[in-house]
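Accompanying notes for the structure given below.
One-based numbering along the sequence shown. Just so it is clear, the values below take in all heavy atoms, side chains as well, and ignore hydrogens, waters and symmetry mates. Predicted model, so just to flag it, every value in this text is computed and none were measured.
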Amino acid sequence: MLSDVIKLLPDSVANQIAAGEVIQRPASVIKELVENAIDAGADNIQIILKDAGRTLIQVIDNGCGMSPTDARMAFERHATSKIARADDLYALHTMGFRGEALASIAAVAQIDMRTMRRDDAIGTRLLISESHFESQDACVCLPGTNLMVKNLFFHMPARRKFLKKDSVELTHIMHEFERLVLVNPNVDFTISHNDVVMHQLHHGSLRQRIKDLFGKTLDSQLLHVSTETTVVKIDGFISVPQAARKRGFQQFFFVNGRNMRHPYFHKALLRCYADLIASDVQPSYFVNFEVEPDTIDVNIHPQKHEIKFENEQTIWQILVAAIRETLGKANVAGAIDFDTDNAPEIPVFDHNTHTVSTPTIEVDPDYNPFKLESPRPASTLPFGNHDMRAYVPRDWQRLYDDFATRREAPSQGSAAPGADDIDAILSAHAAKAEGTSVSTLGLDSESTAETEAPVCMQLAGRYIVATSQSGLMLIDQHRAHTRVLYDKYLAAITAAPASAQHLLFPEAITLSPAQSTALSSITDVIANIGFDISYIGDNAWAINGAPALLTAANPADTLMQIIDDVAQCGIEPSDKAILQPIALSMANAAAIPYGRSLSAQEMDALIADLFRCHEPALTPDGHTIMSIISDADIQKLFA
């Protein structure tokens, strides 16, 4: 018989398991430490980083500090000063409350903390490594707390290897920094990386903080939103519809001084812009909700980003009304001009002096457009030469001579396009695109009828519909063009440095701190693919030249897409593999957009180019380009 197998985990192991939920990367450490500093009443916080937080994360605040006993207890699991009982969870006025953050950080890094209360004459220094207390001594320090997190995941190589490159981790840190400073505009913040100050923000209003973070351009595009009810107080800013962008928009929700993600409220806000912006762009917004603490539940997710609202439906309606009122006051939909100074006088209708008769319509009972021997004289037609009845021929049947041939059903085939099917489609569409008849491609007379490319049809401004030997083929036009351009761009920038086309008027773009940091790390790669850019200060960059390959795409939009994509891929700038996401970004920006009408020749050329690609069925990032509806599936629809 087996002995007892259930055992209590050691505290060090339990802390590491808890750390997996709370601490995923350096940005998570910064979030927890800064929120603790805010709860301690700090109004000046410094963040010092080394190697994107791998080597050092140091947070210095001027908060209330801790006593020697509190400093020791703060690193125990579930030790907190924020709550004392379960009911306190519904009356929270602090960022933290679980008592897991410091214990989780101490389980995956080395800790060196100095802290002192304002009324104390001497402070305390603690050294912790892998949840083990190494020492606690008296020290001289300034009031507040100075906490250093060194060598994150130093004893957990499996966790450490999952960290991305420094440029990617720094981008995540800057995104978290943006959320922290926006929700605390009354606090001074300084952040530096490898001895370089990246941001130094002074306390002020929310609008001033937005301006300091994202530049004067965004500040001039904001509208103030404000409303107050017994349920919720909403205050913040939204961007004008003209400032909506495909990429680089800033979207933040806050509740009671806490960051949150709320898809339901996000959908409500976008609904207000539905008739004002295109479907592929989004506005920026910075909206703060103030509600009673007992009407929300923040104890859902370890990182406390998700929050439940008791009056969610009511707040949704209030938010929609406030946003629509703000947009209406700003006249973003255009104003109606009621100025009558120069308007012509319209006489007032007097029913006593006017008689209204029933209108009569003259009908020619002998008129039949299909029996006309010759065009009728224009003078006999009520609408002159513009009446189409003057041009209807007698032998109208000849218009339908090849109708039966055109609607001939395709032959039965397999459910997926095979090699022979692709070759046939490629040959037929290439012949049509080049103005060449199918017979000149070497096909025999028996296969000509099957492989002749039919007239392609565009569906919903998004898909190209064509027949093949396997059935009905649907092709996503944007993805197909992306695949074609990706192969073209990748081959061009891999072979040699691409040539640049200098712009007549340089275009300036203002980036967020995270985006500016990402762009700084790939300037050499950007130059090799044809971008001529220069830094002009305050996170602003000038585009002096663009790749000659980009003929239709906007250089600024393309560069923004490259920045976002490269920041997420985690590839070193010196690695040649970085050219792949860059080529994909350029292809996405320059590809045929959805909604654009294509001629039959353009569709044939696109299909021919697609089937020349090495992988015509998938985009470089793995999305489906084409789909085949087999003849059998079509027949089932009519069974």
Side-chain angles (χ1 to χ4, degrees), residues 8-40 42 45-82 95-117 120 122-160 163 169 173 302-303:
L8 187 65
L9 289 174
D11 289 341
S12 59
V13 177
N15 287 341
Q16 291 183 17
I17 295 174
E21 297 180 347
V22 180
I23 308 301
Q24 287 95 25
R25 55 186 359 128
S28 305
V29 176
I30 293 174
K31 173 184 179 296
E32 300 296 341
L33 296 184
V34 171
E35 287 183 348
N36 282 345
I38 297 295
D39 290 340
I45 299 175
Q46 301 178 51
I47 304 172
I48 301 173
L49 307 171
K50 297 288 185 182
D51 303 326
R54 298 169 187 270
T55 305
L56 173 67
I57 299 174
Q58 184 177 5
V59 177
I60 306 172
D61 68 70
N62 63 346
C64 62
M66 290 180 282
S67 67
T69 303
D70 286 344
R72 174 66 176 81
M73 285 294 297
F75 290 91
E76 296 292 338
R77 287 193 68 197
H78 309 305
T80 179
S81 62
K82 316 298 174 57
M95 298 296 101
F97 53 87
R98 289 196 179 99
E100 294 181 341
L102 291 180
S104 299
I105 295 172
V108 295
Q110 298 170 329
I111 302 296
D112 184 351
M113 185 180 75
R114 298 172 175 85
T115 183
M116 186 180 75
R117 294 180 296 185
D120 292 344
I122 195 168
T124 302
R125 181 185 183 187
L126 278 77
L127 295 178
I128 308 173
S129 179
E130 196 179 353
S131 295
H132 298 297
F133 280 84
E134 296 182 347
S135 65
Q136 180 173 351
D137 303 307
C139 72
V140 177
C141 60
L142 295 174
T145 301
N146 182 349
L147 198 153
M148 291 178 280
V149 179
K150 302 177 181 179
N151 302 320
L152 188 64
F153 303 131
F154 74 101
H155 64 290
M156 304 172 66
R159 288 287 303 276
R160 192 176 179 89
L163 293 179
E169 293 300 335
I173 289 174
Q303 293 187 350

Could you tell me the separation between the SG atom of Cys139 and the CE atom of Met116, rounded to the nearest 0.5 Å? 8.5 Å
Between Glu169 (side chain) and Leu163 (backbone), is there a donor-acceptor pair under 3.5 Å? no
Quick check for you: to the nearest 0.5 Å, what is the distance between Ser129 atom OG and Asp112 atom CG? 11.5 Å
Does the pair Leu147 and Leu102 meet the rule for a side chain to side chain contact (heavy atoms under 4.5 Å, CB included), with working shown? CA-CA 10 Å; Leu147 198 153; Leu102 291 180; 4.0 Å; yes
What heavy-atom pair brings Lys150 and Leu56 nearest, and what distance separates the two atoms? CG-CD1, 4.1 Å
Atom NZ of Lys31 and atom CD of Gln24: how far apart are they, to the nearest 0.5 Å? 10.0 Å
Go through the structure and list residues passing side chain to side chain donor-acceptor pair (under 3.5 Å) with Arg114, not counting sequence neighbours. none
Quick check: closest heavy atoms across Ile128 and Ala106, and the distance to 0.1 Å? CG2-CB, 4.1 Å
State, with a plain yes or no, whether a side-chain heavy atom of Ile105 is found less than 4.5 Å away from one of Leu33. yes
Which heavy atom in Gly65 sits nearest to a heavy atom in Thr145, and how many Å separate them? CA-OG1, 4.0 Å
Tightest non-hydrogen contact, residues Ala71 and Met113, listed as CB-CE, 3.8 Å
Distance, nearest 0.5 Å, that separates CG of Leu142 from CG of Asp61: 11.0 Å
Atom CG of Leu127 with >12 non-hydrogen neighbours under 6.0 angstrom: yes
Below 4.5 Å, heavy atoms only, C-beta onward: do Val59 and Ile45 meet side chain to side chain? yes
If we only count heavy atoms from C-beta on, is the Leu126 to Ile111 side-chain gap below 4.5 Å? no
Value for CG (Leu152) from CD1 (Ile57), rounded to nearest 0.5 Å, stands at 5.5 Å
For Thr115 against Met66, the heavy-atom pair lying closest together: OG1-N, 2.9 Å
If you compare all heavy atoms of Ile23 against all heavy atoms of Phe153, which two are closest, and at what distance to 0.1 Å? O-CZ, 4.0 Å
